[in-house]
Structure formats: structure tokens, C-alpha cells
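Letters A, B, ... are given to chains in the order of the sequence lines, protein chains preceding strands, and every chain is numbered from 1.
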Number of protein chains: 2
Amino acid sequence: MNGDDQMLALDNQICFALYALNRAVTARYRPVLAELGLTYPQYLVMLALWEHGPGGEAARVSDIGARLRLDSGTLTPLLKRLEERGLLTRRRQASDERVVRLSLTEAGWRLREQAREVPMQLVCGLDVAPERLVTLRQELRSLLEVLERSGPSD
Amino acid sequence: MNGDDQMLALDNQICFALYALNRAVTARYRPVLAELGLTYPQYLVMLALWEHGPGGEAARVSDIGARLRLDSGTLTPLLKRLEERGLLTRRRQASDERVVRLSLTEAGWRLREQAREVPMQLVCGLDVAPERLVTLRQELRSLLEVLERSGPSD
DNA sequence: CAAAATTATATTGTGCACAATATAAAATCA
DNA sequence: TGATTTTATATTGTGCACAATATAATTTTG
């Protein structure tokens with residue numbers, strides 16, 4: 001009799017599955033990253049900076065923002081915290097004072113050596129076939145692409 | 001020469017794919033839910049309350065917490081906001097004053113009628129085969145279960 | 001029954017996300 | 001060139017998440 005829309009059942013919402021799993025995964029990372037003194041978003045920023053590499057120009061805030069889909073409202077305070085911990089420096093670019101360039105310090109690069117263990121540590125404590133994770137990752141990335149293509153405008 | 005661990009590449013992190021897609025999906029919900037005057041977490045709480053139903057005992061804060069994997073630190077202020085908007089009432093249970101019972105108001109139930117359109121609206125504006133989403137949802141839920149089984153203790 | 005332990009919710013404090021706005025510098029245009 | 005527009009980052013304010021702790025009520029124990 002009641003309007004028992006199965007459409008609104010929590011377990012039928014892909015958004016909830018995504019939300020719950022994302023938080024569960026983040027929770028798994030938390031103690032591991034705590035050993036590095038990083039939060040999860042800070043870890044992602046470090047991954048982006050490590051990936052940007054030491055050669056070429058230092059990354060701009062907006063480079064990291066584009067990579068992680070984060071704006072300056074999120075990144076500025078986060079980067080200041082990483083700077084305070086001595087992992088990177090933030091310097092205005094002389095030729096264009098609007099731009100802030102991010103350079104990893106020695107400590108920032110050293111941290112990468114510790115971080116190398118993180119992915120394996122996570123996957124190992126998981127009892128899931130690795131190829132299952134690869135498949136899932138591909139599917140997640142594929143859907144993200146769909147959303148981002150049609151997203152900004154539509 | 002450089003320590004080019006592909007393990008640390010951002011695009012190889014399943015955690016990043018999950019993080020990015022979750023935020024992209026949430027962003028899709030945002031304008032739709034704004035019409036209902038709800039944030040995304042508030043929507044999930046309402047889904048849980050609607051699902052709990054009008055019969056039987058009113059939901060406890062911890063019931064919703066168990067369903068959504070959220071603690072009182074998150075739920076208490078969120079529920080107060082929903083109460084201020086007149087969608088629910090919070091009442092201490094007489095027989096056990098520790099417990100707070102959550103009852104949807106008329107407005108809370110009426111909102112469900114509007115919310116009925118939300119899932120279809122989201123899926124339709126997505127150009128992805130529905131069965132692909134069903135498969136993904138199952139996989140996400142399956143992995144969540146794995147994490148929660150081994151998680152709390154290990 | 002009284003003391004201790006447990007339970008349910010609330011509070012406090014930190015760190016994201018994100019919208020909206022501000023600031024300042026550079027690029028474009030009239 | 002001077003005014004306008006655009007661009008890059010920063011700031012402000014709100015609302016989660018989550019850890020740690022507080023509070024108060026119930027249950028368990030000695």
C-alpha cells in the first residue's frame with residue numbers, strides 16, 4: 001500500500017555504494033598514511049607532485065588542481081600545511097606573479113621512498129583478486145570520463 | 001634513472017578512481033537535490049529514514065548511523081538541520097533517555113514524492129547502459145562487504 | 001544496593017570540498 | 001595607452017567526516 005518505490009531503496013543507489021566504498025577505502029589508507037604524516041587528500045597531492053617530477057617547470061597550483069579536480073579553495077590551505085611540514089615550497093613565479101609554483105623539498109622526495117610501500121600494503125591486506133581491482137579501476141575511470149565529458153556543460 | 005614506480009602513478013590508484021568518481025557523481029546530484037533543499041549526505045539520511053518506514057518504532061540515530069556508516073559526530077548536526085527544516089523530529093525515548101528517536105514529519109514524507117524522480121533523472125542524464133551501472137553497483141557492494149568483514153578488526 | 005563498566009548521543013576540533021567572493025596580475029581591446 | 005576582461009590564487013563561510021572526549025543514562029558486578 002505504501003509508496004514503496006524500490007527506486008529509492010538505499011541499496012539500489014549506485015551513489016551510495018560509491019560513497020560507502022570510498023569512505024571504507026579511505027579508512028583503510030588512514031593508518032598507513034598516518035605513518036607518513038599525511039591525510040588521504042594530502043597523499044593524493046603528493047602523488048600528483050611526485051608524478052609531475054623534478055625535471056621541467058615546477059607544478060602550478062592549477063596543474064595539481066586539474067589533475068585532482070580540486071580548486072584553490074581546497075588546495076591552498078592543504079598546500080600550506082604541506083609547506084609547513086617542509087615537504088614543498090610555494091613560490092610566486094617571477095614572470096607572472098599570479099602563478100604559484102610548487103617544488104618538492106628533499107624531504108618531499110624522501111617521503112616518496114616510504115610511500116612506495118603503501119599501494120602494496122593496501123592491496124595485500126585485502127583478500128581480493130588483483131585483476132578484479134584492475135577491472136574495477138578501469139570501469140571507474142571510464143565512467144568518470146563519461147561524466148566529465150558531458151558534465152561541465154550539460 | 002629516477003625511481004619511476006608505476007605503483008605510485010595516480011591513474012593506477014584504485015583509490016583515486018573511486019575518489020574522483022564519487023565526487024563527480026555527487027556533483028551531478030547537487031543541482032537536482034538543491035531543488036529539494038537537500039545536500040547529498042542529507043539525501044542519504046532521508047533515504048534511510050524513508051526506508052525505515054512509518055510503521056514500527058521510529059528510527060534511532062544509531063540505526064541510521066549503522067545503515068550509512070556514520071557516527072553521531074556527523075549525524076547529530078545534520079539531523080538538527082533537517083529538524084530545523086521541519087523534515088523530522090528528534091525526541092528522547094522515555095523508557096531509555098539515552099536514545100533519540102527520529103520521526104519524519106508530514107513535510108518529510110511529502111518530500112519523498114519529489115525525491116521519487118531523482119534516481120531516474122540522474123540515470124537518464126548519463127548515457128551509460130543501465131546494466132553497466134547495475135554490475136558496477138554489485139561490484140562496489142561486494143568489495144564494501146569484503147572491507148567491512150576484515151576491516152573493523154584486522 | 002553501590003561502584004564500575006557500558007551504551008547512546010552530543011560536543012569539540014581538524015581537515016577537507018565547494019560555492020561565492022576578493023585580490024591582484026596579466027592579457028585584450030578600444 | 002588606458003579601460004576592460006580574463007586568469008590564478010586566496011579568502012570566507014557552510015557542511016560534512018572523523019577522532020577524541022564529554023555527558024548522561026542504563027546495565028552489570030561485587
Side-chain angles (χ1 to χ4, degrees), chain A residues 15-16 19-31 33-34 37-46 57-66 68-85 90-102 151-152, chain B residues 15-16 19-31 33-34 37-46 57-66 68-85 90-102 151-152:
Chain A
C15 69
F16 176 59
Y19 167 85
L21 184 60
N22 181 51
R23 287 197 301 125
V25 167
T26 305
R28 283 288 181 130
Y29 273 86
R30 198 167 297 121
L33 295 180
L38 294 176
T39 66
Y40 184 72
Q42 286 167 9
Y43 174 65
L44 296 180
V45 167
M46 292 303 291
E57 286 193 299
R60 301 180 308 166
V61 172
S62 55
D63 293 332
I64 303 305
L68 302 181
R69 284 82 169 169
L70 292 172
D71 64 13
S72 69
T74 301
L75 286 175
T76 297
L78 189 156
L79 290 167
K80 283 183 179 176
R81 278 173 217 119
L82 294 180
E83 186 180 35
E84 278 169 25
R85 293 192 194 193
R90 297 158 62 244
R91 260 202 321 282
R92 291 276 167 187
Q93 176 178 313
S95 68
D96 184 344
E97 289 278 345
R98 290 173 302 183
V99 175
V100 170
R101 293 281 176 181
L102 307 168
Chain B
C15 70
F16 176 59
Y19 167 85
L21 183 61
N22 181 51
R23 287 197 302 126
V25 167
T26 305
R28 283 289 181 129
Y29 273 86
R30 199 168 296 121
L33 296 180
L38 294 176
T39 65
Y40 183 73
Q42 286 168 9
Y43 173 65
L44 295 179
V45 167
M46 292 303 291
E57 286 193 299
R60 301 179 309 166
V61 171
S62 55
D63 293 333
I64 303 305
L68 302 182
R69 285 82 170 172
L70 292 171
D71 64 13
S72 69
T74 301
L75 286 175
T76 297
L78 190 157
L79 291 167
K80 283 183 179 175
R81 277 173 218 121
L82 294 180
E83 186 180 35
E84 278 169 25
R85 292 190 194 194
R90 297 158 61 243
R91 261 203 320 282
R92 291 277 167 186
Q93 176 179 314
S95 67
D96 184 344
E97 291 277 348
R98 290 173 303 182
V99 175
V100 170
R101 294 282 176 179
L102 306 169

Exercise. Are more than 12 heavy atoms from other residues, nucleotides or ligands located less than 6.0 Å from atom CZ of R69(A)?
Worked result: yes
Exercise. Do the side chains of L102(B) and R90(B) get nearer than 4.5 Å, heavy atoms only?
Worked result: yes
Problem set entry | Nearest-nucleotide comparison on DNA chain C, the residue closer to the 5′ end among Q93(A) and A24(B) | A24(B)
Exercise. Of all heavy-atom pairs between P31(A) and R28(A), which one has the smallest distance, and what is that distance?
Worked result: CD-O, 3.5 Å
Problem set entry | Contact summary for L70(A) and T74(A), nearest pair of heavy atoms | CD2-CG2, 4.1 Å
Exercise. In dot-bracket notation, what is the pairing pattern of DNA chain D, taking Watson-Crick (N1-N3 plus N6-O4 or O6-N4) and G-U wobble (N1-O2 and O6-N3) contacts under 3.5 Å, with [ ] crossing and | for other strands?
Worked result: ||||||||||||||||||||||||||||||
Exercise. Which whole-number value in Å describes the distance from R98(B) CZ to dT6(C) C1'?
Worked result: 8 Å
Problem set entry | Point-to-point distance, once rounded to the nearest 0.5 Å, from NZ of K80(B) to OG1 of T76(B) | 6.5 Å
Exercise. Relative to the ring of Y43(B), is the ring of Y29(B) parallel (under 30°), tilted (30 to 60°) or perpendicular (over 60°)?
Worked result: tilted
Exercise. Which is the 5'-most and which the 3'-most nucleotide of DNA chain D that has an atom under 4.0 Å from a heavy atom of chain A?
Worked result: dT7(D) to dA19(D)
Exercise. Contact class for L75(A) (heavy atom, under 4.0 Å): base, sugar-phosphate, or nothing?
Worked result: nothing
Exercise. Taking R81(A) for the side chain and Q42(A) for the main chain, is one N or O donor matched with an acceptor at less than 3.5 Å?
Worked result: no
For this session: Would you kindly give the CG-to-P distance between D96(B) and dA8(C), to the nearest whole Å?
Result: 8 Å
Problem set entry | Heavy-atom pair of closest approach, residues L75(A) and V61(A) | CD1-O, 3.7 Å
Seminar exercise, completed: All heavy atoms of R101(B) vs all of V99(B), minimum pair found to be NE-CG1, 3.9 Å
For this session: Would you classify R101(B) as touching base, sugar-phosphate or nothing, given that sugar-phosphate means primed atoms plus P, OP1 and OP2, and contacts are heavy atoms under 4.0 Å?
Result: nothing
Exercise. If each of V100(A) and Y19(A) is mapped to the nucleotide of DNA chain D with the nearest heavy atom, which maps nearer the 5' terminus, i.e. the 5' end?
Worked result: V100(A)
Exercise. When all nucleic acid strands are considered with a 4.0 Å heavy-atom cut-off, which category describes T74(A): base, sugar-phosphate, or nothing?
Worked result: base
Exercise. Reckon S72(B) touches a base, only the sugar-phosphate, or nothing at all at heavy-atom distances under 4.0 Å?
Worked result: base
For this session: Select base, sugar-phosphate, or nothing to describe what T39(B) touches, counting heavy atoms under 4.0 Å on all strands.
Result: sugar-phosphate
Exercise. Which comes earlier along DNA chain C counting from the 5' end, the contact point of A94(A) or that of R69(A), where each point is its nearest nucleotide?
Worked result: R69(A)
For this session: By nearest nucleotide on DNA chain D, pick out whichever of P77(B) and E97(B) is the more 5' one.
Result: P77(B)
